[in-house]
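Worksheet: the structure to be examined is printed underneath.
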Amino acid sequence: MQSKTIHPASTFGGELCVPGDKSVSQRIAMLAALAKGTSEIRGFLTGEDAISTLNAMCALGASAKFKGDVLKVTGTGGKFKEPANPLDMGNSGTGTRLLAGLLAGRAMTVTLTGDESLLRRPMGRIKTPLEQMGAQIDLTGEKGTLPMTVHGAPLHGIRYELPVASAQVKSCVLLAGLFAEGKTTVVEPRPTRDHTEKLFQTLDIPLHIDGLEISLQGSGPKGPQIAARKLTVPGDFSSAAFWIAATAARPGAELTVRGVGLNPRRTALLDVLKRMGAQIETEITEDQDDPIGTVFVHGAQLRGTEIGGDEIPNLIDELPVLAVAGALAEGVTVIRDAAELRVKESDRITMTAKHLRAFGVDVEETPDGMTVRGSAKLIVPEEDLESGGDHRIAMSLAVLATFAAGPVRITDTACVDTSYPEFWKHLERLGGRVE
Ligand code: S3P
């Protein structure tokens with residue numbers, strides 16, 4: 001099993017670009033595979049999640065080739081072929097849930113499966129709306145989990161009020177809605193990331209957004225006519241978040257991240273860190289549907305804060321590293337309304353709390369979050385820290401380890417490749433030492 005030893009960093013900061021956004025890459029892979037013609041995609045993530053989704057689209061009849069940093073995807077024009085074998089979605093919850101939506105209205109039967117972590121993740125949340133629309137979704141795992149067989153069928157539009165604030169469920173229903181007869185409406189309890197809606201707009205797929213209600217008119221079984229495009233994937237803000245938090249919590253440190261996605265539904269981490277006392281500025285350099293820009297960070301002694309409510313979906317993947325920032329801050333940081341963290345690649349509440357305690361931090365776990373009492377002098381964990389196969393847990397721990405007084409060993413670190421294969425190299429570039 002791969003492991004990494006992180007040494008304390010005496011200085012930290014510099015300048016870098018992060019790899020392509022995971023959410024955007026996967027959505028583009030799906031829609032380029034649906035389009036007619038060859039799309040040219042710049043900045044596509046080569047992390048395992050995006051590649052699993054791309055491979056699935058190739059198994060459905062698209063073809064894909066990298067030429068330098070441009071990915072060329074030749075789409076099916078809407079004519080997917082039934083794959084001979086189950087599609088292995090690896091670790092990707094986004095790929096699985098969105099693809100189930102895309103397949104629900106096609107006259108074919110497709111089985112989706114994945115790795116150990118994906119096999120534990122809840123899929124009932126997409127089965128319910130897709131079956132209301134007319135598809136049959138068999139979840140053959142023990143607890144409403146993968147493997148999942150999608151029996152595509154003629155769909156009709158529905159109005160669906162999401163029981164949880166989930167961009168994945170919203171996107172799944174909207175993708176299914178493309179192939180339904182009539183209107184599909186999704187109502188969100190809180191605003192979640194809107195990359196699907198933005199991409200539909202870029203691809204001229206008509207969509208109506210009225211506050212938290214998103215509607216589209218389905219095209220029926222033949223689906224929408226989408227023309228291939230040139231598309232750019234912004235740098236992944238959730239990958240940049242590790243460096244932004246690592247710098248923000250270190251007085252005097254400075255960091256510049258360029259080419260990063262600054263969609264406001266993704267960047268609530270910046271508001272929280274500013275509230276905690278960091279100096280952060282942003283500059284938009286490409287104002288496309290998903291704005292791209294530069295983030296400048298000046299570190300400071302942080303102070304604790306409260307994080308909850310509408311902010312949560314817009315920093316959901318950043319909560320482990322925000323808890324790390326809370327551990328390094330003076331005072332108390334409270335995270336609430338984040339029960340969804342328990343059903344991510346791992347139970348991120350339990351995993352984060354357990355690991356912060358190993359550094360001597362006072363953490364109390366709650367059903368929907370945690371309370372972190374910061375500024376304790378960190379101790380060097382006596383035992384290896386196990387990532388639980390969760391990339392964001394491994395990377396958050398690596399950030400905290402740079403603040404410890406001695407080397408820290410993190411095990412099961414191969415999972416980092418799902419979203420950020422260059423992470424360890426970048427950690428070293430910014431001042432960390434990794435063995
Ligand atoms: C994602 C949405 C979020 C996020 C995940 C990616 C997406 O999940 O945690 O990493 O690409 O739509 P939920 O929408 O299930 O909260």
Side-chain angles (χ1 to χ4, degrees), residues 9 12-26 42-47 49-50 69 94 167 193 195 232-250 253-276 278-288 290-300 302 307 311 313-325 328 391-400 402 416-432 434:
F12 194 86
E15 189 167 324
L16 93 176
C17 292
V18 286
D21 188 281
K22 185 155 81 77
S23 292
V24 175
S25 295
Q26 294 185 92
R42 229 164 256 285
F44 191 87
L45 174 68
T46 55
D49 276 10
D69 80 330
T94 302
R193 65 186 66 186
H195 300 300
T232 299
V233 180
D236 197 323
F237 183 84
S238 296
S239 296
F242 298 104
W243 315 129
I244 294 172
T247 308
R250 195 180 289 265
E254 295 204 346
L255 171 77
T256 304
V257 188
R258 297 194 189 276
V260 65
L262 291 176
N263 178 321
R265 302 265 182 109
R266 293 290 297 281
T267 54
L269 166 92
L270 300 181
D271 304 322
V272 174
L273 289 174
K274 283 190 213 167
R275 225 158 55 217
M276 295 175 85
Q279 284 176 47
I280 299 180
E281 282 145 49
T282 55
E283 188 190 327
I284 297 199
T285 49
E286 278 177 62
D287 202 1
Q288 49 179 50
D290 255 331
I292 299 181
T294 309
V295 180
F296 306 96
V297 187
H298 299 261
L302 301 181
I307 309 164
E311 217 160 42
N314 299 337
L315 47 65
I316 188 74
D317 292 342
E318 285 63 74
L319 283 166
V321 82
L322 266 175
V324 163
L328 298 164
H391 57 134
R392 298 204 197 279
I393 294 294
M395 292 187 275
S396 301
L397 288 176
V399 167
L400 188 56
T402 65
V416 165
D417 291 350
T418 59
S419 64
Y420 196 170
E422 302 85 347
F423 178 81
W424 306 106
K425 197 173 77 191
H426 285 183
L427 176 55
E428 293 209 301
R429 190 187 308 164
L430 293 174
V434 184

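Hydrogens, waters and symmetry mates play no part in the numbers below; they use all other heavy atoms, side chains included.
- Nearest heavy-atom pair, Leu430 versus Glu15, reported as atom, atom and distance to 0.1 Å: CD2-N, 4.3 Å.
- Val260 approaches Phe237 most closely through the heavy-atom pair CG2-CA, 3.6 Å.
- Side chains of Ser238 and Glu318: a donor-acceptor N/O pair is present below 3.5 angstrom, by distance only.
- Between the side chain of Glu428 and the backbone N or O of Val434, at least one donor-acceptor pair lies under 3.5 Å.
- Checked by atom type and distance alone, the side chain of Thr247 never pairs as donor or acceptor with a backbone atom of Val297 at under 3.5 Å.
- For Arg275, the CZ atom counts as densely surrounded, since its 6.0 Å shell holds more than 12 non-hydrogen atoms of other residues, nucleotides or ligands.
- Minimum interatomic distance between Gly47 and Pro421 (heavy atoms only, all atoms of both residues): CA-CG, 3.8 Å.
- Taking the six-membered ring where the residue is Trp, Trp243 and Phe423 present parallel rings, their angle staying beneath 30° rather than reaching 60°.
- Side-chain atoms of Thr402 come within 3.5 Å of backbone N or O of Val399 as a donor-acceptor pair.
- A distance of 11.5 Å separates OG1 of Thr46 from OH of Tyr420, quoted to the nearest 0.5 Å.
- Closest of all the heavy-atom pairs between Asn314 and Arg265 is OD1-O, 3.1 Å.
- Annotation: the span from Asp417 atom CG to Asp49 atom CG amounts to 10.5 Å, rounded to 0.5 Å.
- Note: Phe242 and His426 fail the aromatic proximity criterion, with ring centroids not under 6.0 Å apart.
- Under a 4.0 Å N-O distance rule, the pair Asp290/Arg266 does not qualify as a salt bridge.
- His195 and Ser23 form no side-chain donor-acceptor contact under 3.5 Å, judged by distance and modelled atom types alone.
- Atoms CG and OG1, from Leu273 and Thr267 in turn, are 11.5 Å apart once rounded to the nearest 0.5 Å.
- Interatomic distance, Leu322 CG to Ile307 CD1, rounded to the nearest 0.5 Å: 4.5 Å.
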Run the numbers on Arg193 and Asp317 for salt bridge (Lys or Arg N to Asp or Glu O under 4.0 Å), then give the verdict. CA-CA 11 Å; Arg193 65 186 66 186; Asp317 292 342; 3.2 Å; yes
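- At least one donor-acceptor pair under 3.5 Å links the side chain of Asp236 to the backbone N or O of Lys22.
- Between Val233 and Gly43, the shortest heavy-atom distance links the atoms CB-O, 3.5 Å.
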